[in-house]
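Counting from 1, the numbers follow the sequence of the chain as shown. Worth knowing before you read on, the calculation uses all heavy atoms, side chains too, and leaves out hydrogens, waters and symmetry mates.
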Amino acid sequence: MARWCGFLLVAAMAVAMAAADSSEQLVMKTVKGKKLCTRGWECSQLSAYCCNGTVSDYFQTYQFENLFSKRNSPVAHAVGFWDYRSFIIAAAIYQPQGFGTTGGKLAGQKEIAAFLGHVGSRTSCGYGVATGGPFAWGLCYNKEMSPSQSYCDDYYKYTYPCAPGASYYGRGALPLYWNYNYGATGEALKVDLLNHPEYLEQNATLAFQVAIWRWMNPMKKGQPSAHDVLLGKWKPTKNDTLSNRIPGFGTTMNVLYGDTVCGKGENDSMNNIISHYLYYLDLLGVGREEAGPGEVLTCAEQKAFNPSYSSSTASS
C-alpha cells in the first residue's frame, strides 16, 4: 500500500492543477506571530515561503520549452516523456519548503536555473556542433542507455536487498544509481523504488520529484543540501573553509556529486554543469552576471563532503 502513496499524492495534485484557475488568491494567516500563507494548489501548505509567490509566477511553459527545446527531437531518447506539467506538479510538493520560493523572484529564478542546469547537463545528448547548440539538448534521456552493470551493491543486502532481476542503473532527472540509493529515496518518498526501480523511467513527475528531493535534502546528517548552499542558508565550518567549500553554485556540485566532479581542477564535467546554469540564466532573462564571481561557481579546488573510496560514489 505504501508504495502507492507517492503516486496518489502527485495524482491528487494533477487533479487540483486541472481544476485550478488563474483567480486563485493568496490566503494569509498569522500563527504565533508569524505570517504564513497558501497559494492555491501549487503552494497548498501553510508556509512562510508561500507568501513569496509560486514557481509558476515566474517560470512558465514557454520558458521550459526554451530551456529544453530539443528534448522531443526524433534523435532524442525520451521523446514525449518530459514536460512542464510534470515538473510543476513535482515542484509544488517542495514549494512550501522553499524550493523556488525562498526570497524574492530573482532568488527563485536563480534556484530554478541552478536546479535545471544540473538536470540539463546530466540528461543531455548535446555536443559541440549539435543543432541548436550543446545546451539545447537537456532531458534527452530518462535512463542510462547501455548500463555496464546492474549497480547492485551486496554490502546492503540486509537493508536494501536487490530485487530479483532488477537493475539500478541511472534513471530520472538527476540520475539515481545503486540499490541503496533507490531504497533510501523510495523510503523517503513512500514509493517502492527498491523493488520497482523502473518507476523512474515510467513517470516523469516522480522522476522530477526524486530529483527535487535530492536537491532539498543533504546526503548525510550535519551536511548542507544543494538548496541551502546555493541560497546562502548554510554557514561553513572551519573545516569547510579549509576545504575551500563556500556558499554558491559550485558547492551544489560537491553536495550532489562529490569527488566525481569536484577537487579535480578544471574538468569538462564540472564546466559543462556550470555552462548549463549560465545558459539557463540567460534564457530566463536573469543574465549570467547574476551567478556571481568565478570562485562561487566552481568546485575545482574543493575537497568532497563525502570522499569516494569504493564503487559507490556521491553522484549515485
Side-chain angles (χ1 to χ4, degrees), residues 2 4-67 82-116 119 173 185 188-191 203-218 224-234 280-281 284-286 290:
W4 296 105
C5 291
F7 288 139
L8 292 173
L9 176 60
V10 296
M13 285 192 153
V15 171
M17 182 180 183
D21 60 43
S22 59
S23 65
E24 288 176 339
Q25 298 294 317
L26 168 69
V27 175
M28 187 182 303
K29 294 184 179 180
T30 301
V31 179
K32 296 181 179 179
K34 187 175 184 179
K35 184 176 72 172
L36 304 177
C37 303
T38 61
R39 288 180 182 266
W41 70 271
E42 194 177 343
C43 215
S44 60
Q45 302 172 31
L46 273 176
S47 165
Y49 296 114
C50 294
C51 299
N52 297 327
T54 63
V55 171
S56 67
D57 288 341
Y58 59 81
F59 182 65
Q60 299 171 359
T61 304
Y62 78 93
Q63 293 166 305
F64 183 91
E65 296 297 327
N66 286 343
L67 265 56
W82 303 105
D83 60 16
Y84 174 81
R85 178 188 177 89
S86 298
F87 169 72
I88 210 69
I89 291 173
I93 299 170
Y94 299 96
Q95 290 184 51
Q97 301 172 31
F99 178 68
T101 54
T102 299
K105 176 182 175 181
L106 178 60
Q109 290 175 308
K110 289 172 67 174
E111 180 168 23
I112 295 303
F115 170 76
L116 292 177
V119 169
T185 302
L189 301 184
K190 296 182 172 57
V191 179
N203 186 309
T205 301
L206 180 62
F208 275 127
Q209 183 185 357
V210 166
I212 300 172
W213 179 82
R214 291 181 66 200
W215 177 264
M216 296 295 293
N217 290 276
S225 66
H227 168 80
D228 288 342
V229 301
L230 180 76
L231 295 172
K233 298 177 66 178
W234 163 65
Y280 288 1
L281 284 174
L284 291 180
V286 175
E290 289 291 342

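- For T38, the side chain to side chain contact (heavy atoms under 4.5 Å, CB included) partners at least two apart in sequence or on another chain are V27, L46.
- With rounding to the nearest 0.5 Å, the separation of CD in Q25 from CZ in R39 is 9.5 Å.
- Of all heavy-atom pairs spanning A188 and W213, the tightest one is CB-CZ2, 3.3 Å.
- Note that CG of N217 and CD1 of I212 are 11.5 Å apart. Values are rounded to the nearest 0.5 Å.
- Residues satisfying the side chain to side chain contact (heavy atoms under 4.5 Å, CB included) test with A48, not counting sequence neighbours, are K34, L36.
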Practice prompt. Begin from the C-alpha positions of F115 and L230 and carry the test side chain to side chain contact (heavy atoms under 4.5 Å, CB included) through to its verdict.
Written response: CA-CA 10 Å; F115 170 76; L230 180 76; over 6 Å; no

Practice prompt. Please lay out, stage by stage, how F64 and S86 fare under the test side chain to side chain contact (heavy atoms under 4.5 Å, CB included).
Written response: CA-CA 11 Å; F64 183 91; S86 298; over 6 Å; no

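- Applying the salt bridge (charged side-chain N to carboxylate O under 4.0 Å, His left out) test to every pair with at least one member in residues 45-67, sequence neighbours left out, gives these pairs: E65-R71.
- Panel note: side chain Q63, backbone Q60; a donor-acceptor pair is recorded below 3.5 Å.
- Per the SG-SG cut-off, C50 and C43 are bridged by a disulfide [distance under 2.5 Å].
- Note that NE2 of H227 is 5.0 Å distant from CD of E111, once rounded to the nearest 0.5 Å.
- Between the CH2 atom in W41 and the CD1 atom in I88 there is a gap of 6.0 Å [rounded to 0.5 Å].
- Ring centroid separation for the pair W82 and F208 comes in under the 6.0 Å cut-off.
- Legend: residues meeting side chain to side chain contact (heavy atoms under 4.5 Å, CB included) with A113, ordered by chain and number and at least two apart, are Y277, Y280, L281, L284.
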Distance-only donor-acceptor pairs under 3.5 Å for side chains of residues 89-99, two or more places apart:
from: Q95; atom 1: OE1; to: V55; atom 2: N; distance (Å): 3.0
from: Q95; atom 1: NE2; to: E42; atom 2: OE2; distance (Å): 2.9

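- Under the side chain to side chain contact (heavy atoms under 4.5 Å, CB included) criterion, K105 pairs with Y58, Q109, sequence neighbours left out.
- Annotation for T101 and N52: closest pair O-ND2, 2.7 Å, computed over non-hydrogen atoms.
- A donor-acceptor contact shorter than 3.5 Å is absent between the side chain of Y49 and the backbone of G100.
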Item to complete: Please step through side chain to side chain contact (heavy atoms under 4.5 Å, CB included) for the pair Q209 and V191, ending with a clear verdict.
Response: CA-CA 11 Å; Q209 183 185 357; V191 179; 5.7 Å; no

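- The two residues S225 and P218 come nearest to each other via the heavy atoms CB-N, 3.8 Å.
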